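Remarks on the structure that follows.
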Amino acid sequence: MDNQEIEKKMMSIVAEDGSVEEVEVILAFEFKDTKKEYVIYTKNEKDENDNVTVYVSHVDRSSGEPKLLGIDDEEEWNRVKDVLRELSKVE
Amino acid sequence: MALDNTEFIDRDLVVQEQNNVGSNRIRLRELSFSGVSEAFREFRKKQLEEQVSVARDELAGNVAFADADGKISESEKEKVFEKAAAIAKLEEQIKILDRETIPQNFVKSRAIKLLDTWLDNCRYNGHSAYSVGLEKADELFASAANEEGFVPEEVAPEKVTSEEVVSGVTAPEEVTPEEVVFEVPAPEESMDLGLSDSDVEEQIDDMLNKSGGEVVEPVADLEFDDTEEVADVPVESEEALPEEEFITDADVQNVVESEFGELEEEPMISKNPEAAARVDRYVEDGPLPFVMPDISQEDLLSGIKPDSSVVAPDFSDYEFDDVAEADKERMPVIVPPRVFDGVETTMGVNADEARQADESEEVVSVNEKVDVSTLSGLKQRLLDMREKSRESNERMLDAKRLAQETDERAAQVRAEVQEMQVQYKSRVEKIKEKIAKLEELQKAEEKETELAYLTVEANQRFIDDHQEKMAVMTDEMAEINSLLSLIDEDENDDTIGVKSV
């Protein structure tokens with residue numbers, strides 16, 4: 001693992017056709033009460049105002065291999081956003 | 001707080017995609033993104049530091065068995081070296097996360113250093129083994145504290161302590177600061193900027209005051225007197241250095257620690273040992289960042305690649321849902337003021353150049369590349385920064401006004417919500433009361449119904465019992481009547497017999 005990979009935590013997403021996409025993990029956490037695991041990653045996409053697009057997924061390990069699922073529940077999504085808000089204010 | 005119920009995770013993750021990768025998407029401002037990344041980086045660093053602590057205890061508590069001659073065997077030394085290498089590897093990862101410059105062969109050199117220190121500090125414990133002991137762990141790593149104490153490979157080593165362990169690699173020579181000789185270049189001619197120092201300082205102070213930054217007195221206002229030391233420059237050899245601390249041990253140590261590996265260059269020694277700290281004091285991070293709202297649920301991604309039909313981000317769509325439509329249109333773009341990342345400290349040879357270097361670093365943005373070595377460049381930068389400062393000040397005022405307006409609206413909404421909640425609660429209470437009353441009424445009716453059924457049952461039993469009795473009595477009455485009629489007939493017959501005698 002080179003220095004760049006250590007400084008930035010990378011995640012590999014393997015597609016059905018076998019192609020691999022490397023994305024940068026910004027944050028990985030789980031809620032203590034629900035034990036649900038989430039990962040927030042980026043493909044370093046920026047818009048014209050330098051805002052960064054990040055992707056938020058729930059990590060499902062129930063079938064052995066980890067899968068990334070979207071968050072459909074509104075309350076759950078709000079909880080995740082609250083975490084992001086608090087972390088973004090940490091100096 | 002949301003973070004109280006949250007636990008960070010640092011696991012390696014390889015995701016096998018089955019169908020599509022489901023992800024919600026959200027936009028973060030640059031500062032928000034940095035904040036989140038930084039928090040996770042700190043967490044990862046803390047994890048590594050904990051692992052280092054455990055590994056250090058293991059190394060300090062390690063027991064190396066002696067061979068037949070009473071010495072530490074080679075295999076035992078290899079085990080110690082492996083533990084030391086593991087610690088060095090973790091320390092390297094911590095340095096990478098701290099974005100420090102890592103010298104070449106750091107892991108190997110550090111491992112050798114730790115091994116040597118362990119061997120120097122281990123003692124025979126009377127059980128055919130050598131150990132340092134946990135109680136000496138702090139001492140062990142304190143003596144190995146000079147983590148950069150290694151010499152580049154081209155320097156011939158004089159001391160070999162672990163050559164038999166690391167085959168083909170000789171231990172590095174230990175370098176002490178006193179052995180390092182620096183050549184201090186001649187000072188450049190002082191530049192006439194056309195602006196006096198006080199003018200420049202005044203302008204910079206004005207900019208900082210307007211932008212709300214911290215105003216720090218310029219370097220020139222430091223109390224130490226360096227005029228004599230300026231006169232002593234240039235210094236060509238170590239012997240020519242004046243005794244009155246022109247170059248302090250701390251300066252040399254700092255240079256050794258921070259610039260090791262670049263000894264080919266001619267390092268410049270700062271006249272002001274506080275220069276680095278003073279530059280850092282000009283670092284600003286801007287106001288609290290906003291978090292852009294997520295894309296609506298309709299735009300929820302269902303694949304690895306973003307859907308090209310997703311609507312382009314609407315910059316007027318902010319976090320607070322209650323922003324009025326009119327406000328959305330005139331809502332300004334909030335761009336944080338200039339952000340300084342880690343500014344490399346440049347050190348001047350003399351006091352004037354150090355001061356100019358500090359002031360020039362203050363006004364340099366990370367992304368700007370302006371030649372500060374010329375008068376015109378410095379002037380241009382000053383003018384640019386004044387313009388930027390004015391713009392950022394205007395943006396800041398707009399942002400503050402917007403924040404105040406949204407605060408007021410949020411307070412209003414909050415009050416309305418509270419009122420609705422109160423009404424909701426009172427109505428719920430009323431409904432509950434009515435339900436309770438209906439339940440009581442229903443129970444009472446059930447009781448009455450039950451009593452009525454019991455009464456009917458009792459009456460029916462009474463009727464059944466007496467009907468039987470009435471039947472019996474009726475039969476008896478009939479028999480009695482028949483007997484009475486017989487008696488009457490007999491009485492009539494007796495009366496007739498008397499007359500015939």
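In this text, all values refer to a predicted model and were calculated from it rather than measured experimentally. Quick note on labels: first sequence line is chain A, next is B, and so on, each numbered from 1.
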Does any part of the side chain of [Y], heavy atoms only, come nearer than 4.5 Å to the side chain of [X], both counted from C-beta?
| X | Y | value |
| --- | --- | --- |
| A:Lys81 | B:Ile26 | yes |
| A:Phe31 | B:Glu7 | no |
| A:Asp33 | B:Asn5 | yes |
| B:Phe33 | A:Val54 | yes |
| A:Asn51 | B:Leu28 | no |

Which value, rounded to the nearest 0.5 Å, describes the distance between [X] atom [atom1] and [Y] atom [atom2]?
| X | Y | atom1 | atom2 | value |
| --- | --- | --- | --- | --- |
| A:Lys9 | B:Phe40 | NZ | CZ | 6.5 Å |
| A:Thr53 | B:Arg27 | OG1 | CZ | 7.5 Å |
| A:Phe29 | B:Ile9 | CZ | CD1 | 8.5 Å |
| A:Ile13 | B:Ser23 | CD1 | OG | 7.0 Å |
| B:Arg29 | A:Asp50 | CZ | CG | 11.0 Å |
| B:Ser37 | A:Glu24 | OG | CD | 6.5 Å |

Exercise for the section: Please report the closest heavy-atom contact between B:Arg25 and A:Tyr55, naming both atoms and the distance. Expected result: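 That would be CD-CE2, 3.9 Å.
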Problem - Heavy-atom pair of closest approach, residues A:Leu84 and B:Val36 - result: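 Closest approach of A:Leu84 to B:Val36: O-CG2, 4.0 Å.
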Exercise for the section: Return the set of residues passing side-chain hydrogen bond (donor to acceptor under 3.5 Å, both in side chains) with A:Arg61 (not counting sequence neighbours), or none when no residue passes. Expected result: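 A:Glu37.
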Exercise for the section: Using a cut-off of under 4.5 Å on heavy-atom pairs, state which of A:Val20, A:Thr34, A:Leu27 scores highest against chain B. Expected result: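 It is A:Leu27.
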Exercise for the section: Examine distances only and state if a side-chain atom of B:Arg41 and a backbone atom of A:Lys8 form a donor-acceptor pair shorter than 3.5 Å. Expected result: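 The answer is no, because no donor-acceptor pair under 3.5 Å joins these two groups.
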Problem - Whether B:Asn24 side chain and A:Ile71 backbone form a donor-acceptor pair below 3.5 Å - result: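 Checking the backbone N and O of A:Ile71 against the side chain of B:Asn24, a donor-acceptor pair under 3.5 Å is found.
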Exercise for the section: Please name all residues satisfying side-chain contact (heavy atoms from CB on, under 4.5 Å) with B:Asp407, sequence neighbours left out, ordered by chain then number. Expected result: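 With sequence neighbours excluded, B:Asp407 shows a side-chain contact (heavy atoms from CB on, under 4.5 Å) to no residue whatsoever.
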Exercise for the section: Check each atom of B:Asp98 against the heavy atoms of chain A and say whether the ones under 4.5 Å are side chain, backbone, both or neither. Expected result: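 Nothing of B:Asp98, per the 4.5 Å heavy-atom cut-off to chain A.
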